[in-house]
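Worksheet for the structure shown next.
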Amino acid sequence: MRADPMRAWLIPLFLLIPACTPPAAQPAPAPANLMVQVHPQSGLPVISLRATPPGSPQHRFRVEVARSDAEQQRGLMFRTALGADEGMLFPYDPPQTVSFWMHNTVIPLDIIYIGADHKVLNIAANATPYSDESLPSAGPVSAVLELNGGRAKALGIAAGIVIEW
């Protein structure tokens with residue numbers, strides 16, 4: 001039986017086609033500033049937050065954002081440490097008067113109440129761990145920021161300064 005000369009050429013040609021095909025386009029990775037960071041312990045998203053006390057340099061924090069009722073109820077309960085530039089933000093929409101407590105919270109916290117204009121309304125400084133005492137806001141807030149106890153005073157964060165996120 002004689003080999004078909006056309007068929008002899010087709011086999012090598014088909015073997016070359018995959019080698020000449022460009023690889024499938026890969027999606028470009030998202031820029032680092034657009035990537036959502038997640039806290040390794042809580043699983044909550046982490047965002048950048050800025051405070052600029054008068055006469056002081058701007059200070060940046062990396063804060064976890066507790067949005068849902070369940071996330072807000074848990075907050076920083078049972079946590080044994082919080083970095084110097086870390087915290088947790090509790091946003092409220094619409095703004096409302098709120099009250100926090102330290103039930104099952106191991107570390108002392110500064111609880112910073114932030115109005116709709118992003119200005120600090122009041123601060124419950126160095127809240128006592130495990131206390132069930134009610135610590136209310138001085139009016140409706142759009143967010144509450146929790147930092148390590150004493151951190152607000154050390155950085156000059158007080159009523160009236162703007163907190164941006």
Side-chain angles (χ1 to χ4, degrees), residues 26-165:
Q26 297 294 319
N33 62 346
L34 296 180
M35 293 181 142
V36 174
Q37 294 184 346
V38 175
H39 191 272
Q41 191 170 356
S42 69
L44 296 175
V46 176
I47 65 167
S48 181
L49 181 139
R50 298 167 308 284
T52 311
S56 299
Q58 183 180 77
H59 196 83
R60 293 183 179 273
F61 297 92
R62 301 292 298 158
V63 299
E64 300 163 61
V65 181
R67 293 191 185 282
S68 73
D69 288 341
E71 292 166 349
Q72 290 184 354
Q73 286 172 5
R74 180 159 175 93
L76 291 170
M77 285 183 180
F78 308 108
R79 296 281 276 279
T80 56
L82 188 63
D85 295 327
E86 294 178 342
M88 186 172 281
L89 186 70
F90 302 78
Y92 295 97
D93 187 23
Q96 54 196 276
T97 301
V98 298
S99 186
F100 276 47
W101 64 350
M102 295 290 288
H103 187 79
N104 291 326
T105 306
V106 179
I107 55 178
L109 297 173
D110 286 345
I111 303 171
I112 303 168
Y113 300 98
I114 305 167
D117 58 359
H118 283 237
K119 290 183 181 178
V120 174
L121 287 181
N122 63 305
I123 300 173
N126 275 307
T128 305
Y130 299 106
S131 173
D132 288 342
E133 176 188 357
S134 180
L135 304 168
S137 62
V141 298
S142 62
V144 175
L145 173 63
E146 290 183 340
L147 301 175
N148 276 311
R151 194 76 174 126
K153 183 176 181 181
L155 295 173
I157 297 172
I161 74 149
V162 175
I163 306 286
E164 300 171 290
W165 62 90

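Since this is a predicted model, take the numbers as computed values, not measurements.
More than 12 heavy-atom neighbours from other residues, nucleotides or ligands sit within 6.0 angstrom of CZ on Arg50.
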Could you go through Asp93 and Ser142, starting from their C-alpha distance and side-chain angles, then the distance that decides it, and tell me whether this counts as side-chain contact (heavy atoms from CB on, under 4.5 Å)? CA-CA 6 Å; Asp93 187 23; Ser142 62; over 6 Å; no
Start with the C-alpha distance between Arg67 and Phe90, add both sets of side-chain angles, then the distance that settles side-chain contact (heavy atoms from CB on, under 4.5 Å), and finish with yes or no. CA-CA 6 Å; Arg67 293 191 185 282; Phe90 302 78; over 6 Å; no
* Which is it for Ser99 and Ser134 under the side-chain hydrogen bond (donor to acceptor under 3.5 Å, both in side chains) test, yes or no, and what are the steps along the way? -> CA-CA 6 Å; Ser99 186; Ser134 180; 2.3 Å; yes
Could you walk me through whether Val65 and Val46 pass side-chain contact (heavy atoms from CB on, under 4.5 Å), step by step? CA-CA 6 Å; Val65 181; Val46 176; over 6 Å; no
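Every residue was checked against the ring-ring contact (aromatic ring centres under 6.0 Å, His included) condition with Tyr113, not counting sequence neighbours, and none meets it.
Ion pairing of Arg60 with Glu164 is absent here, as no side-chain N (NZ or NE/NH1/NH2) approaches a carboxylate O to less than 4.0 Å. With respect to the salt-bridge test (charged N to carboxylate O, under 4.0 angstrom), the residues Lys153 and Asp110 do not qualify.
By the 4.5 Å heavy-atom criterion applied to side chains, Glu64 and Ser42 are counted as neighbours. When side chains are defined from C-beta on, Pro108 counts as touching Asn126, because their heavy atoms get closer than 4.5 Å. For the pair Val120 and Asn122, the minimum side-chain heavy-atom distance is 4.5 Å or more. Looking at heavy atoms from C-beta onward, Met77 lies out of side-chain contact with Tyr130 at the 4.5 angstrom threshold.
Across all their heavy atoms, Ile161 and Gly156 have their closest contact at CG2-O, 4.5 Å.
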